[in-house]
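See structure below.
One is the number of the first residue; the rest follow in order along the sequence.
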Amino acid sequence: EVHLVESGGGSVQTGGSLRLSCVISGDTASMSMKYIGWFRQAPGKEREGVAAIYRGDGRSYTANSVKGRFTISVDNAKNTVYLEMNNLKSDDTAMYYCAAAPWSIQPLDTLEYGIWGQGTQVTVSS
């Protein structure tokens, strides 16, 4: 069984930075989870893809709304995927989730993922 645990959320001011972490744990099945995505959901809005990464070669995918500000990376030795968030805006306020999938055609699509973490809250205020 695969588990995902997010951390690193918090409250920051506009323009600030945060780094989220997603630790992937479990049995050998965890290594088959090649795609890890970060998603977010603000109150009253649908969950949306922010960034995703293919653990095999580090290929990344980033939503246009955060491109140039957010960077996803992976440390396979630590089974951890990071989301570095810079120049945060109030629109970035949301619950952030990481998710895992063994394969994906559209890595920023929530429907591609079957395993989810509990989320970590990010609040950006002016």
Side-chain angles (χ1 to χ4, degrees):
E1 188 175 359
V2 179
H3 295 279
L4 306 176
V5 178
E6 305 95 332
S7 63
S11 296
V12 296
Q13 291 188 326
T14 302
S17 299
L18 284 173
R19 188 177 80 158
L20 306 184
S21 299
C22 173
V23 177
I24 308 138
S25 64
D27 55 24
T28 54
S30 67
M31 294 308 298
S32 70
M33 296 297 148
K34 295 300 186 182
Y35 283 89
I36 305 297
W38 280 101
F39 298 83
R40 67 186 181 185
Q41 188 167 20
K45 295 187 177 181
E46 292 188 355
R47 192 170 296 188
E48 63 174 351
V50 175
I53 195 163
Y54 175 59
R55 296 170 71 188
D57 59 9
R59 190 184 331 157
S60 63
Y61 310 81
T62 307
N64 288 335
S65 59
V66 302
K67 197 164 291 184
R69 300 189 298 121
F70 290 14
T71 303
I72 190 170
S73 61
V74 61
D75 185 337
N76 283 319
K78 295 182 178 180
N79 287 330
T80 303
V81 173
Y82 303 98
L83 183 68
E84 184 75 35
M85 307 187 296
N86 297 313
N87 192 21
L88 284 162
K89 305 175 181 180
S90 57
D91 287 348
D92 296 319
T93 295
M95 184 70 80
Y96 284 71
Y97 301 88
C98 66
W103 57 273
S104 178
I105 297 175
Q106 295 182 328
L108 295 182
D109 188 344
T110 59
L111 296 178
E112 302 274 293
Y113 295 83
I115 300 174
W116 292 81
Q118 294 299 307
T120 185
Q121 177 69 37
V122 172
T123 303
V124 185
S125 58
S126 57

task: Output all residues satisfying salt bridge (Lys or Arg N to Asp or Glu O under 4.0 Å) with Arg59, sequence neighbours left out; order by chain, then residue number.
output: Asp57
task: Would you check if there is a donor-acceptor pair between the side chains of Asn76 and Arg55 at a distance under 3.5 Å?
output: yes
query: Linking I/L/V/M/F/W/Y whenever any side-chain heavy atoms sit under 4.5 Å apart, do Leu88 and Tyr97 land together?
result: no
Closest heavy-atom pair and its distance - Ala94, Ala42: CB-N, 3.8 Å
Which atom of Arg40 lies closest to which atom of Asp92, heavy atoms considered: NH1-OD1, 2.8 Å
query: If every non-hydrogen atom of Leu20 is compared with every non-hydrogen atom of Thr120, which pair is closest and at what distance?
result: CD2-CG2, 4.0 Å
query: What pair of heavy atoms forms the shortest contact from Ala100 to Leu4, and how long is it?
result: N-CD1, 3.6 Å
statement: dist Thr14:OG1 -> Asp91:CG (nearest 0.5 Å) comes out at 9.5 Å
query: What residue pairs, at least two apart or across chains, pass ring-ring contact (aromatic ring centres under 6.0 Å, His included) with a residue in residues 103-126?
result: Phe39-Tyr113, Phe39-Trp116
- prompt: Is there side-chain contact between Met31 and Asn79, with heavy atoms separated by less than 4.5 Å?
  reply: yes
task: Please say whether more than 12 non-hydrogen atoms of neighbouring residues, nucleotides or ligands are located less than 6.0 Å from NZ in Lys67.
output: yes
- request: Begin from the C-alpha positions of Thr93 and Gln121 and carry the test side chain to side chain contact (heavy atoms under 4.5 Å, CB included) through to its verdict.
  value: CA-CA 8 Å; Thr93 295; Gln121 177 69 37; 4.2 Å; yes
message: Which heavy atom of Gly49 sits nearest to which heavy atom of Ala63, and what is that distance?
response: O-CB, 3.5 Å
task: Just jot down the ring pair (Phe, Tyr, Trp, His ring centres under 6.0 Å) partners of Phe70, sequence neighbours excluded, or say none.
output: none
message: Taking the side chain as everything from C-beta on, heavy atoms only, tell me whether Leu18 gets closer than 4.5 Å to Val122.
response: yes
- prompt: Can you name the nearest heavy-atom pair linking Ile115 to Met33, along with the distance?
  reply: CD1-CE, 3.8 Å
